[in-house]
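Both backbone and side-chain heavy atoms feed into the values below; hydrogens, waters and symmetry mates do not. Whatever order the structure lists them in is the order used to number ligands and atoms, beginning at 1. The chain is numbered in sequence order, starting from 1.
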Amino acid sequence: MGGWIETVTGKIPTVDMGKTLIHEHFMFGYPGYSGDVTLGQFNRDEAVRVGIKAANDIMKYGVKTVVDPTPNECGRQPEILKEISEATGLQIVCATGYYYEGEDAITYFKFRQILGTAEKDIYDMFVAEIKDGIAGTGIRPGIIKLASSKDEITPYEKMFFDMASRVHKETGIMILTHTQEGTMGSEQAKVLIDAGVDPSKIIIGHMCGNTDVEYHKKTLQTGVKIGFDRFGIQQLVGAPMDEERIEILIKLLDDRYENQIMLSHDSINFWLGRPPEMNDEAAHLVRNWHPTHLFKNIIPVLRKKGVSEDVIEAMFYL
Ligand SMILES: [Zn+2]
C-alpha cells in the first residue's frame, strides 16, 4: 500500500509498517472506568511496564508495527504509547474515534446532537487531531476508528461514519472499524464506499465474529480488508471459538483472499479501572487472549492444515 501513515513517533511510509498486528490495545477501559478511581486507581508506571513487556514479546516474532485503535473515550493515552514505542522500537499507530453506541459514552455527543451541532463537532474533532495532534501532545492518529452495533448502524453511529468519510476524502486517512459480533461488515463497507472512501483504505474489524462464509465474500468483494482480529477471545462478548475462526479463514484462503485479511487478537494488555474478574470457565476460554497467541498457537495449526508461509505472512501486511 502506498502513501504515508502517522505513528505515535511521527509519519512513516506505509510500506515501512512491515509486519503488523492490526488491532491490539496497550490499555483499554470501558467508558465509566474513570469513576472507579478508588479501587481502580491508574498506575501509570505499571501501564508503561506492561506495555513495554507486551511490545518486546510481540517483536520477537518479527512484528514491526501495532495498530492500537483504542477509542478516544476508552482511555486512549498517546503519550504512554509514545513512551512504549521509544523504549522498544515498536512502531505504534493510534486512532481518533468513538466506540459503538451500546458500549460508548454516548451522552456527550447525543447532547450535542439535540443541539444540532454534533456532526460539525465530530468533524472538527477528527480534523483537529489529524492536523495538530491529540490534546496538545503533537501526536497524530494514523487511523479513524468507527464502530457499529449488532445488526444495525444506529443514527448516532452513522454520524461518525459520515464525518469520517468526509475527513478521509480530505486527508486520505485510513479507516478501521469495530463490528459487533461480526455483523454489518458489508453494510459498513457500503456506507463508506458510497460516500467516496477508497476501499483499499478501509479495514472492517472483528469479522471473525461471523461464521457465514458468503457474508465474508460479499464484504471482501467490495475491495476492503477485513480483520480476523479476535483470536483468543472465545465465547466472551458473543465471540466464536478459535476453531470456528480457523475453519472460516481456511475457506477464504482457498479463494485466495489472503491479501485482504489481517490477523490480530484485540488483546487488552492493561485494563483501566479494575481488571475484570472471571469465573474459572470464562478464564479458561480466554486463556490465550494475549498478543502472541497467533504465533504460538494459531499459525502452527494453519501450517498443519497446509497454509503456506507466504499466505500466512500476507495476513500481517497492509
Ligand atoms: Zn478493540
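In summary, H23 places an N/O/S atom under 2.8 Å from the Zn ion (ligand 1), meeting the contact criterion. Taking 2.8 Å as the criterion, D266 counts as a coordinating residue of the Zn ion (ligand 1), since one of its N, O or S atoms falls below it. At a cut-off of 2.8 Å, H25 is counted among the residues with an N, O or S atom near the Zn ion (ligand 1).
Residues passing the ring-ring contact (aromatic ring centres under 6.0 Å, His included) test with F161, sequence neighbours excluded: none. Under the ring-ring contact (aromatic ring centres under 6.0 Å, His included) criterion, H25 pairs with H23, F28, sequence neighbours left out.
Using a cutoff of 4.0 Å between basic side-chain nitrogens and carboxylate oxygens, E129 and R76 are scored as salt-bridged.
In this pair, Y30 and W271 present their aromatic rings tilted. The plane angle is within the 30 to 60° band.
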